[in-house]
Amino acid sequence: MYNHFMNNREVASTFRLIADLLEIKGENLYKILAYRRAAESLTNLSRDVQEVWQAGELEQIPGIGKAISEKIDELLRTGRLGFLERLTEEVPISLADLLRISDVGPKKAALFWHQAGITNLTELEAAARAGKLHNLPGVGEKSEARILAGIEALSRRSTRTPLGAALPFARQVLAWLRALPSIQSADLAGSLRRMRATIGDIDLVASSHDPGLIMKAFTEHGWVRHVSAAGETKSSVEFHNGLRAQLWVYTPERYGTGLIHTTGSKEHALRLREMAQKRGLSLSDRSILNPDGSEQLFDSEAGVYAVFGMEWVPPELREDRGEIQAALEGRLPHLVTQADLTADLHTHSTWSDGQLTIREMAEAARQRGLKVIAITDHSASLGVAGGLSPDELVAQRREIQAAQAYLGESIQILQGAEVEILSNGSLDYRDEDLAKLDIVIASLHSGLRQPRQQVTERLVRAMRNPHVDVIGHPSGRLIPDREGADLDMEVVLDTAAQTGVALEINAHPARLDLDDIYARRSAEMGIPISINTDAHHSSEFDNIEYGLGTARRAWLEPQHLINTWPADRLTAWLSSREGQPPVERA
DNA sequence: GCCGTTTTCGGCCCGACTGTTTTCAGTCG
């Protein structure tokens, strides 16, 4: 290989693999933790690790010191890592797969390896079926059965569930919990409450003076297929629909610490515990323990944060991405809310692949309190979506005018288009057709697997077209099936900053694209951001919730989003972009 | 392996639940 390019995700997963293998080997726990923390830090990094490396600034990344920065350097220079190669000679690399099985951790994996010669999933499954595991020390028949069930569960479900596939069901469960007689309060927790794009399982937390009663009702409910743990205060189940859930129950006076613990993230909670420790306190999910052994109890989260002199931190920010420091300094962002949004600038009608007419879509948007809606049907070349020819755009304009006349001034309907970016970076409409539109969104739908440089240049060329106002779902990812295009985001963001084109946060739960990391970076660079539902039906306006979650995770405030601008400012911005000459590369 | 408003060395978060155990280790969040 002459090209040693590795992106942030690939470098991060290399360090996760090292951590897994070291753990099976039985290395010092804090060394392992250090590799994991470095991996998390790289995952949260909004700059390209390649660029940070070239700038010689690797050690400025939190959790990355001399040893790990040297390893990154070797990886990026040579595409290899001697340390990992020596490690895999000692510990078979396929052992790391065993850790994906629930109830199998590093100690069990090492046991299977040393005492039964097992080095991969296939061998483990065969040994379990043959009943060869339960003779090993510390492993009984129950463990053997659990392991077998765990292996089967691995093939049954993908590792993470899209937020949009989990949230509606989780809310049903929550509503049922809240209706229980002995319950005081109940909330979503975990990555659902933090609005991560994908979740591992559904975390629920409740307060009650009778936790046992809640637990019994929860684990015995008809939608539960299997109970994998059931204790006094915590239980774990799998539902018939394949989703897993955990429920914690606290007494009301301990709900504050409980909610913080169960909401996470793990890294955020860890930081808080470190802070407690520095003050001689000990923070757990039950209380704060004073040095003299007495307890401080908290019925709300705000009280816990106040102990450390911090503002209450919105759940979407709890990722250890600087929110602790910001909360200490009283400079947390004033996050955008649904009430701030006045425009949806990316929607479809029956003119292409939408299911409702322009008037129906506009009425539904008005009903949701929007002041502006842009109808942005597909351009001609996206044949599967019934894209419009330039002639049809003229006819569509007449229908928009009719709908506008019918609806009066309560909502403004813009004529736009979602224009294909063709494989060479040119657009699917001629400039004179684009010039007639109120708003132009340019999107990639095909050729997403082009090489990095090619697909990046394609997007850059589209951004340099002066008629383009917004880049729709920039990466083209589809959760959980398809990775986005291999874009050079440094170049994409620089071009957006130069041309003033807006980047979209597409709110569809399968997209959430831009993601939270790049949306935050875009805002820091002064790039306008547009948050849109891409609705093909009025019911999909509700998807804005997912996009808002992403925007809030990106620390966005109302002024970062063009959708919060008053209609006159928005249309002035759009028309100011018309006919601007392309900005040439400096 | 990382890190520093007690430290450049010696620390590094906390507790519930399960299974295989005679008092605890492993896993998980």
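To find a chain, count down the sequence lines: A is the first, B the second, and so on, and within it residues start at 1.
- In this structure, A:Tyr35 and A:Phe83 have parallel ring planes: the angle between them is below the 30° cut-off, well short of the 60° mark.
- Distance from the side chain of A:Ala230 is smallest for B:dT18 among the nucleotides B:dT18, B:dC13, B:dT20.
- A close approach under 4.0 Å does not occur between any side-chain nitrogen or oxygen of A:Ser282 and OP1 or OP2 of B:dC13.
- The interatomic distance linking A:Glu59 (CD) with B:dG1 (C1') rounds to 12 Å, in whole Å.
- Under 4.0 angstrom from either OP1 or OP2 of B:dC12 there lies at least one side-chain N or O belonging to A:Gln277.
- Within the nucleic acid shown, A:Pro106 comes within 4.0 Å of sugar-phosphate atoms alone, with no base atom in reach, counting heavy atoms only.
- With both pairing distances under 3.5 Å, B:dA16 is matched to B:dT27 as a Watson-Crick or G-U wobble pair.
- Taking only side-chain atoms of A:Asp203, from C-beta outward, the nucleotide of B:dG1, B:dC13, B:dG29 with the closest atom is B:dG29.
- Side-chain contact of A:Ser207 with A:Ser185: a donor-acceptor pair under 3.5 Å is present, judged by distance alone.
- Under the 4.0 Å criterion applied to side-chain N and carboxylate O atoms, A:Arg271 and A:Glu323 are not assigned as salt-bridge partners.
- One finds a side-chain N or O of A:Thr233 lying less than 4.0 angstrom from the OP1 or OP2 phosphate oxygen of B:dC17.
- The backbone N or O of A:His134 lies less than 3.5 Å from a partner atom in the side chain of A:Glu144, making a donor-acceptor pair.
- Here A:Glu70 lies out of heavy-atom contact (under 4.0 Å) with every strand.
- Heavy atoms of A:Leu283 sit under 4.0 angstrom from primed sugar atoms or phosphate atoms, though from no base atom.
- For A:Gln325 and B:dG4, the CD to P distance is 11 Å, given to the nearest whole Å.
- The phosphate of B:dG1 has neither OP1 nor OP2 within less than 4.0 Å of any side-chain N or O from A:Tyr30.
- Atom-to-atom, NZ of A:Lys108 to P of B:dC28 comes out at 9 Å; the value is rounded to the nearest Å.
- Looking at residues 90-105 of chain A, you'll see A:Ile101, A:Ser102, A:Asp103, A:Val104, A:Gly105 sit with a heavy atom under 4.0 Å from some atom of DNA chain B.
- Nucleotides B:dT21 and B:dC17 are separated by 22 Å at their P atoms, to the nearest Å.
- Comparing the C1' positions of B:dT27 and B:dC9 gives a spacing of 32 Å, expressed to the nearest Å.
- Using a 3.5 Å distance cut-off with no hydrogens or angles, the side chains of A:Arg160 and A:Thr198 do pair a donor with an acceptor.
- The residue among A:Ala269 and A:Arg286 whose nearest nucleotide of DNA chain B lies closer to the 5′ end is A:Ala269.
- Between the OH atom of A:Tyr35 and the P atom of B:dC3 there is a distance of 13 Å, rounded to whole Å.
- Nearest nucleotide to the A:Ala67 side chain, out of B:dA16, B:dC13, B:dC2: B:dC2.
- Where A:Ile68 and A:Arg146 meet DNA chain B, the nucleotide closest to each residue was compared, and A:Ile68 sits on the side nearer the 5' end.
- The side chain of A:Lys266 has B:dC13 as its nearest neighbour among B:dC13, B:dC14, B:dT18.
- When the nucleotides B:dC17, B:dT27, B:dC14 are ranked by their closest atom to the side chain of A:Lys234, B:dC17 comes out on top.
- Side-chain N/O atoms of A:Thr263 and A:Arg193 include a donor and acceptor closer than 3.5 Å.
- In this structure, the CD1 atom of A:Ile32 is 13 Å from the P atom of B:dG26, given to the nearest Å.
- Between the side chains of A:Asp513 and A:Ser475, at least one donor-acceptor pair of N or O atoms lies under 3.5 Å.
- Of the listed nucleotides (B:dG15, B:dG19, B:dC13), B:dG19 has the atom at the smallest distance from the side chain of A:Lys142.
- Between the side chains of A:Glu123 and A:Thr119, a donor-acceptor pair is found at a separation under 3.5 Å.
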